[in-house]
Novice: 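Can you keep this structure in mind? I'll have questions shortly.
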Amino acid sequence: MANSVNRATKGRLRSSYTSSIISISLVLFTLGLLGILVISAQKLSAYVKENIGFDIYLNEGVSDADALYLKKQLDASIYIKSTQYFSQQDAAKMMANELGEDFIAYLGYNPLNAYIEARLKADYANNDSISRIETWLKRFPQVKEVDYQRSLINLVNDNVSRIGLVILIFAGLMLFISLVLINNTIRLSVYSKRFIINTMKLVGAGWGFIRRPFLLKSILHALYASLIAIALLIGLLYAINKEVADLLAILDPLSIILVFVAITVTGIVINFLATLMAVNKFLRQSTDDLYY
């Protein structure tokens, strides 16, 4: 009879520990996901901005040598991340592919200009900087026109700033909710052992002696929960990498490792403090108070 009672008690404890670890791991997974988003927000912003480009149309009759000289000037400037040169023939081939027919045979000549496609560095992906770049480019005799979408650039910059603010607010809110959830999970776990705490106190055990196994177990559970959360994050990032390779390419591996370390430390600290407060609460209570 006593053995069956002990087995039942151990089974309930294992179930309690398992549910506590799973709950904490899901919270840490959410925190880790938000951490990756927040830390990578700057890189994501730079990635989006550096995909903003503009076209530099060249005057008719500009030789490839002169065009490549201009391209080298652009590549050497502090504003430009990358450039690509398209000759008149290249432009005609792309237009023919889009139209699905050889328009040169119909017109009898190639009306398209050679051009250089340039992509900006993130710090200069705004209309003020592009206006200064346009003024600088027009000093070159090869340049006929600089074409860029002013409204699109404003839209991208406004949306990047707005999204960054929303992510920070949401991350702060989720951090608060996570603290509350982990604290409540630990309190419920310790509450189920309040009579054990009281029995140890009645037989003369000191508070430090009573607290020690609970605190050590809380650290161990936090490590288990962190490992589960990290495994879930790795699985999610692997799935993203298979579906959207370019999106994962902007994430910094060092930042991801820092997030893994951060959620492990966060889990340990929160578990430790929540367990300490919960155990102290029941240590201060009298036997009669444990029934309420």
Side-chain angles (χ1 to χ4, degrees), residues 40-165 167 240-252:
S40 302
Q42 187 67 28
K43 286 187 171 290
L44 181 61
S45 171
Y47 177 81
V48 172
K49 289 180 179 180
E50 287 178 353
N51 275 280
I52 296 175
F54 61 94
D55 296 326
I56 306 160
Y57 292 98
L58 307 181
N59 287 310
E60 193 170 345
V62 171
S63 66
D64 287 345
D66 288 338
L68 291 174
Y69 171 77
L70 175 60
K71 182 179 183 299
K72 286 184 179 179
Q73 294 294 312
L74 288 167
D75 290 335
S77 74
I78 60 172
Y79 313 108
I80 305 301
K81 183 177 186 290
S82 64
T83 59
Q84 189 172 1
Y85 170 61
F86 296 92
S87 65
Q88 279 188 295
Q89 291 74 23
D90 294 330
K93 286 179 184 177
M94 287 188 289
M95 180 64 75
N97 288 333
E98 289 181 11
L99 296 176
E101 59 179 335
D102 186 5
F103 68 96
I104 294 179
Y106 176 77
L107 294 175
Y109 70 100
N110 184 358
L112 302 176
N113 294 85
Y115 68 96
I116 298 173
E117 183 181 87
R119 295 195 181 275
L120 296 160
K121 291 181 180 177
D123 292 340
Y124 302 101
N126 56 75
N127 284 317
D128 290 339
S129 294
I130 295 178
S131 294
R132 290 194 293 272
I133 296 169
E134 182 179 12
T135 302
W136 171 64
L137 285 171
K138 286 183 176 178
R139 297 174 185 170
F140 290 89
Q142 301 98 314
V143 176
K144 177 182 179 181
E145 180 186 359
V146 178
D147 180 49
Y148 64 96
Q149 294 180 305
R150 184 180 296 271
S151 59
L152 175 62
I153 293 170
N154 281 332
L155 182 64
V156 167
N157 281 286
D158 290 344
N159 284 341
V160 164
S161 300
R162 195 175 295 117
I163 291 170
L165 180 61
I167 289 175
I240 292 173
N241 187 44
K242 288 185 68 176
E243 297 297 327
V244 192
D246 287 343
L247 182 61
L248 191 59
I250 68 172
L251 298 177
D252 182 6

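As a basis for the values below, the full set of heavy atoms in this structure was taken, side chains included, without hydrogen atoms, waters or symmetry mates.
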Novice: For Y85, what residues pass the ring-ring contact (aromatic ring centres under 6.0 Å, His included) criterion, not counting sequence neighbours?
Specialist: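 Scan of Y85 (ring-ring contact (aromatic ring centres under 6.0 Å, His included), adjacent residues dropped) gives none.
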Novice: Could you tell me the separation between the CD atom of Q142 and the OG atom of S63, rounded to the nearest 0.5 Å?
Specialist: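 These two atoms lie 8.0 Å from each other.
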Novice: Side chains of E145 and Y115: does their closest heavy-atom pair fall under 4.5 Å?
Specialist: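 Contact flag for E145/Y115 side chains = no.
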Novice: Once side-chain contact (heavy atoms from CB on, under 4.5 Å) is applied, do any residues pair with K138, and if so which ones, sequence neighbours excluded?
Specialist: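 Only E134 meet the side-chain contact (heavy atoms from CB on, under 4.5 Å) criterion with K138.
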Novice: Under a 4.5 Å cut-off applied to non-hydrogen side-chain atoms, are I116 and F86 in contact?
Specialist: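 Heavy-atom side-chain distance check fails, nothing below 4.5 Å.
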Novice: Is there side-chain contact between I133 and L120, with heavy atoms separated by less than 4.5 Å?
Specialist: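 SC-SC contact between I133 and L120 confirmed.
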Novice: Once you round to the nearest 0.5 Å, how far does OG of S77 lie from NZ of K121?
Specialist: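 Going from OG on S77 over to NZ on K121, the span is 7.0 Å.
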Novice: Can you measure from NZ (K81) to CZ (R119) and round to the nearest 0.5 angstrom?
Specialist: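 The CZ atom of R119 is 9.0 Å from NZ of K81, to the nearest 0.5 Å.
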Novice: Quick one: list whatever passes ring-ring contact (aromatic ring centres under 6.0 Å, His included) with F54, sequence neighbours left out.
Specialist: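 F54: no ring-ring contact (aromatic ring centres under 6.0 Å, His included) contacts found.
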Novice: Can you list everything that forms a salt bridge (Lys or Arg N to Asp or Glu O under 4.0 Å) with D75? Sequence neighbours excluded, please.
Specialist: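 Per chain and number, D75 pairs via salt bridge (Lys or Arg N to Asp or Glu O under 4.0 Å) with K71.
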Novice: Just wondering, do L137 and I56 contact through their side chains at under 4.5 Å, heavy atoms?
Specialist: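 The answer is yes; the side chains approach within 4.5 Å.
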Novice: Quick one: side-chain contact (heavy atoms from CB on, under 4.5 Å) partners of K144, sequence neighbours excluded?
Specialist: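 If we apply the side-chain contact (heavy atoms from CB on, under 4.5 Å) test to K144, skipping adjacent residues, the hits are N59, N113.
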Novice: So, using ring-ring contact (aromatic ring centres under 6.0 Å, His included) as the criterion, who are the partners of F140 when residues are at least two apart?
Specialist: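 For F140, the residues satisfying ring-ring contact (aromatic ring centres under 6.0 Å, His included) (neighbours in sequence not counted) are W136.
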Novice: Before you tell me yes or no, could you show the steps for V143 and V62 under side-chain contact (heavy atoms from CB on, under 4.5 Å), namely the whole-Å CA-CA distance, both residues' side-chain angles and the distance that decides it to 0.1 Å?
Specialist: CA-CA 9 Å; V143 176; V62 171; over 6 Å; no
Novice: Give the minimum heavy-atom separation between D64 and S87, together with the two atoms involved.
Specialist: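 Between these two residues, the closest heavy atoms are OD1-CB, 4.4 Å.
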